[in-house]
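Quick notes on the structure that follows.
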Amino acid sequence: MLDIKNLHAAVEGNAILKGINLTVKPGEVHAIMGPNGSGKSSLASVLAGRESYEVTEGSVDFLGKDLLDMSPEVRAREGLFLAFQYPVEIPGVSNINFLKTAVNEIRAYHGQPPMQAKAFLDMLKSKQKLMEFDANLMNRSLNEGFSGGEKKRNDIFQMAMLEPKLAIMDETDSGLDIDALRIVSAGVNKLRSKDNAFIMITHYQRLLEYIVPDFVHVLYNGRIVKSGTKELALELEEKGYDWLKEDIRLEEPVQ
Amino acid sequence: MTTVTRNISFNEALPALFSAQFSANGWFDGREAALKQFLALGGIPTVKTEDWKYTNVVSFFKNDLQVTLPEVPEVTAAQLEATGLILPDTFRLVLVNGVLQPHLSQLPPASQVTISKLSEAGSQPAVELYFNQSPRIGEHHFAQLNSALFNDGLFIEVKAKAQVELPVQIIHLYAAGQARLFNPRHLVVVNEGAALQIVESAAGIGLADKVVINSVMESVVAERAQFSQYQLQTGGNNLRTINQNLVEQKGKSVYNNYTFTLTESEFVRNNLNISLDEERTETHMYGFYIAAGGQLIDNHTSVDHRMPNCESNELYRGVLMDKSTGVFNGKIYVHEDAQKTNAFQQNNNLVISPEATIFTKPQLEIFADDVKCSHGCTIGQVSEDALFYLRARGIGEAEARNLLVKAFAFDITAKVNIPAVRKQVEQLASQYLNA
Ligand SMILES: Nc1ncnc2c1ncn2[C@@H]1O[C@H](COP(=O)(O)OP(=O)(O)OP(=O)(O)O)[C@@H](O)[C@H]1O
Ligand SMILES: [Mg+2]
């Protein structure tokens, strides 16, 4: 589904991603962990098409197409979804109109007619139920005045509505209370199928107890320096990243 | 001698034009004095005049501009309908070249509101009291020109305590066979405890050339009265508009002004002057403009806080596209006696094209010490983060920008209390943004 090869990216001339390799197959859940500033959100941004990042080397194949060649909206329409670490507030754009526009633009891209009002409302209701998302938030402006947790839940709710093939969740768990974490995780687990895949960026092992990953990767200084199974997350929780840094320093050529 | 000919400036030609038709027109005996004042101010302002620094109108007053009392051609109901301006659920006053057309109008009940042609209102006590009395009228070049040359307009007086239920839509139609100057003139008096909403629209009818509309409306909002004025400046591309609104508020009155400039006209200049003459008044001023192509949209507002405990609140927003120019100048004067004044002013601009220009200048002059005032202006682009967020959900770039610009306008359109007006404004805004 997703094939990242030797991906390098820079912001304003500063190299941030320095050779990422990652393959994600349908049905898989990958977790990406790593210290602050290691490049996790940058990777997510590059995949979603944020224009401030310049890809300097490497390739990304998404469902047989060149992802890096597509505009952000085309990536979304092809089935990529990014749940943001910091969802933005957009006063004056109503949550519900925004969602309707998004759903219908994606449908139009696939040659489908706009959704009927009734069908849209039905879908809205069923997804609200799935994610236990507060219906009152729907009629407000997009994320305006939402609490930190409400913004995260709104992003995940959007994910449920748009039914992406590959969802990247950037620290969705930070900011969620204990109950919300359980609810959101249960919702995500229900969305999982053999045809879709998830990349979860997180600092905490707790999320991975609810949504059990097939693979755990550690991103450090712009590269994936270690990959393993869910046990790796436990080990990181216990030992932190320092032991890895030691290993890496040994591997890296002396400058 | 009815047009400004080439080679002679408007100012030079004016006295002869004035004597030919205007000097003895109707009941108003202040025309001569107004003409003198206009010329004393320097006549048509040039860019050397502070308030006209960015707004050059000199060229509009050249080259065979016709300056006569206008004829009033017959306009049919079908022609009116075709303007697309008619709003549902309103009373309606239709004027052609400044003259009220009763057969096209639907007047509010006479038990609540007196409505007549201004030309026939000379003996009304309210006219004697208030006509041409607005505090700052003497400073305005174009208001003086209007006082000298006006042909007709509306006199509207709402009886004390009358609550006019439906908004009164005023449709100003202009028809002329060549370039000409129109000077419509109106007086609105909302008496003690009364309430009135007006919605003004304008359009040209088969205009063969560009016309200049130099309009003046004076309004008086008496004690505890409420007056809302919506200006939908949506007229077509042959109108050049210079618009003066002079408002006086008495104690505990409320005045709301909404000025929407969503037009194909190449030029609109609005002057809104509000004088708070007594205590405990409330004033709201909202403006939204979209300028495209080579348009120039200029809003000059001023509020005189003369007495204590008054509140004024102003929010103007604009979107500037292509090679357009926007001008905003907002003055707030807090006079010595105006303690406990609350005055807020904000002007935000979205500059979408690198070739568009905005000149924005908030001005506060405070001579009282116990006051709360704030003002500010911003000039910016659409937020890149917001744009990316929308695109990352599959919304195309053009549509995403459109949503964000609408969101920018939302704080103002949300303040509109007449659903049909709000709908028209939103439709026009979309239309201009997508053009
Ligand atoms: N516009 C920018 N200019 C310069 N450096 C930037 C810019 N944007 C990001 N960076 C840098 O890139 C690095 C990676 O940032 P990124 O947000 O990807 O980290 P992260 O792994 O998501 O961290 P966290 O766990 O704190 O969310 C950081 O050092 C950051 O300062
Ligand atoms: Mg991050």
Side-chain angles (χ1 to χ4, degrees), chain A residues 44-53 70-95 97-110 112 140-144 151 154-155 157-159 161-165 167-168 170, chain B residues 258 260 262 286-290 315-319 346-350 352 376 378 380-416 419 422-423 425-430 432-434:
Chain A
S45 292
V46 170
L47 293 178
R50 200 186 274 275
E51 275 151 9
S52 51
Y53 286 86
M70 302 174 195
S71 67
E73 54 268 36
V74 169
R75 297 179 197 205
R77 294 166 189 169
E78 288 284 348
L80 187 93
F81 184 93
L82 169 60
F84 288 79
Q85 182 173 0
Y86 304 109
V88 295
E89 297 194 14
I90 310 185
V93 173
S94 95
N95 223 348
N97 273 340
F98 152 73
L99 259 181
K100 204 183 288 168
T101 309
V103 166
N104 284 332
E105 289 222 9
I106 292 171
R107 289 175 64 88
Y109 181 80
H110 294 286
Q112 296 164 322
R140 293 192 16 204
S141 279
L142 187 44
N143 291 331
E144 189 190 16
K151 284 180 191 167
N154 195 20
D155 256 32
F157 173 68
Q158 290 167 20
M159 180 179 92
M161 286 292 291
L162 301 181
E163 298 176 334
K165 299 201 177 82
I168 304 165
D170 192 353
Chain B
Y258 305 78
F260 293 102
L262 303 163
Y286 300 108
F288 183 68
Y289 44 93
I290 298 178
L315 177 63
Y316 270 64
R317 285 192 169 172
V319 180
Q346 187 66 231
N347 172 233
N348 310 116
N349 297 284
L350 266 187
I352 283 180
T378 63
Q381 279 88 37
V382 171
S383 151
E384 286 300 319
D385 282 342
L387 197 59
F388 181 63
Y389 190 90
L390 297 176
R391 294 177 73 190
R393 296 296 175 255
I395 300 174
E397 185 174 355
E399 179 62 22
R401 279 185 192 280
N402 197 346
L403 278 173
L404 291 174
V405 175
K406 268 191 214 155
F408 176 72
F410 176 81
D411 285 341
I412 292 164
T413 54
K415 298 292 191 302
V416 173
R422 184 166 168 176
K423 198 168 142 202
V425 166
E426 285 173 349
Q427 272 170 0
L428 279 165
S430 299
Y432 282 109
L433 293 170
N434 296 338

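Throughout, a chain's letter reflects where its sequence line sits, starting with A, and its residues are numbered from 1.
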Point to revise | Residue list, side-chain contact (heavy atoms from CB on, under 4.5 Å) with B/Gln346, at least two apart or on another chain | key: B/Leu315, B/Asn348, B/Thr378
Review point. Tell me, side chain or backbone of A/Pro164 under 4.5 Å from chain B's heavy atoms, or both, or neither?
Key: neither
Exercise for review: Only counting residues at least two apart or in another chain, list the ones meeting ring pair (Phe, Tyr, Trp, His ring centres under 6.0 Å) with A/Phe81.
Suggested key: none
Revision key, fill the gap. Honestly, the part of A/Leu142 sitting under 4.5 Å from a heavy atom of chain B is side chain
Review point. Do the charged groups of A/Lys100 and A/Glu105 touch, with an N to O distance under 4.0 Å?
Key: no
Review point. Salt-bridged, A/Glu144 to A/Arg140, with N to O below 4.0 Å?
Key: no
Point to revise | Mutual orientation of the aromatic rings belonging to B/Tyr289 and B/Tyr316 [parallel < 30°, tilted 30-60°, perpendicular > 60°] | key: tilted
**Study point:** Largest heavy-atom contact set with chain B, pairs under 4.5 Å, which of A/Leu162, A/Val88, A/Leu99
**Key:** A/Val88
Review point. Which region of A/Arg75, side chain (C-beta onward) or backbone (N, CA, C, O), has a non-hydrogen atom less than 4.5 Å from a non-hydrogen atom of chain B, or is it both or neither?
Key: neither
**Study point:** chain B contacts, top residue of A/Glu78, A/Gln158, A/Glu89, A/Glu51 (heavy-atom pairs, under 4.5 Å)
**Key:** A/Gln158
Review point. If you count heavy-atom pairs under 4.5 Å with chain B, which of A/Ile90, A/Ile106, A/Leu80 comes out on top?
Key: A/Ile90
